[in-house]
Amino acid sequence: ATYNVFEQAPGSSLTAAHAQGCTIIVKEAMANGRVLSNAALLKHAAEIDCSPDALALACVLAQPFEPHVLSGAVTADQVASNLGALAVAD
C-alpha cells in the first residue's frame, strides 16, 4: 500500500486488514522524496533532532497497522539515516 505523511487515506483500511491478520507492506513512505522538501517536516525534524527521512519513516512505522516499510534507500548512508526512524517511532 502507499502510505506516508502526505497520503494517509488508506489508514483505516490498512488497520482493518491488519486486524484480520494481513501483513501490511508500505511503499512510498518517503512520498517519492517529496518529504525531504516539506518545510513543516524539516522544521519538526530539526526540533526533535532527527533526520527528515527518519521522521517521515517513523510516522509510518508508528501506525497501528504495524507496517513493514520499504524505504527506497539505495546507499549505505541512506540506510543508516533511515534506521534512525526506529528510535523516533518508539
Side-chain angles (χ1 to χ4, degrees):
T2 296
Y3 188 92
N4 54 60
V5 295
F6 302 134
E7 178 55 60
Q8 298 181 7
S12 60
S13 296
L14 295 174
T15 300
H18 175 69
Q20 294 296 314
C22 293
T23 298
I24 307 300
I25 301 172
V26 169
K27 64 183 183 95
E28 296 184 28
M30 297 289 293
N32 293 316
R34 292 190 329 265
V35 297
L36 300 178
S37 61
N38 180 272
L41 189 131
L42 295 172
K43 181 180 180 217
H44 191 65
E47 289 171 354
I48 64 171
D49 194 30
C50 74
S51 66
D53 58 303
L55 177 57
L57 292 172
C59 289
V60 176
L61 287 168
Q63 297 306 306
F65 47 83
E66 300 177 6
H68 297 268
V69 179
L70 306 177
S71 77
V74 295
T75 68
D77 287 343
Q78 288 173 336
V79 171
S81 186
N82 287 181
L83 285 173
L86 298 174
V88 176
D90 283 341

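Criterion: ILVMFWY side-chain heavy atoms under 4.5 Å apart, direct or through other members. Under it, Val26 and Leu86 are part of a common hydrophobic cluster. Both Phe6 and Val88 are assigned to one and the same hydrophobic cluster, defined by single-linkage of ILVMFWY side chains at heavy-atom distances under 4.5 Å.
Panel note: side chain Ser81, backbone Asp77; no donor-acceptor pair is recorded below 3.5 Å.
Here the closest non-hydrogen pair linking Leu41 and Pro52 is CD2-O, 3.4 Å.
In this structure, OG1 in Thr2 is found 4.0 Å from CD in Glu28, a value given to the nearest 0.5 Å.
Side-chain contact between Asp53 and Leu36 is present, with at least one heavy-atom pair separated by less than 4.5 Å.
Gln20 CD: 12 or fewer foreign heavy atoms inside a 6.0 Å radius.
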Using a 3.5 Å cut-off and no angle test, enumerate the donor-acceptor pairs between side-chain atoms of residues 54-76 and protein atoms at least two apart in sequence or in another chain.
residue : atom : partner : partner atom : Å
Gln63   : OE1  : Tyr3    : OH           : 3.2
Gln63   : NE2  : Cys59   : O            : 2.7
Ser71   : OG   : Ala73   : N            : 3.2
Ser71   : OG   : Asn82   : OD1          : 2.8
Thr75   : OG1  : Gln78   : N            : 3.1

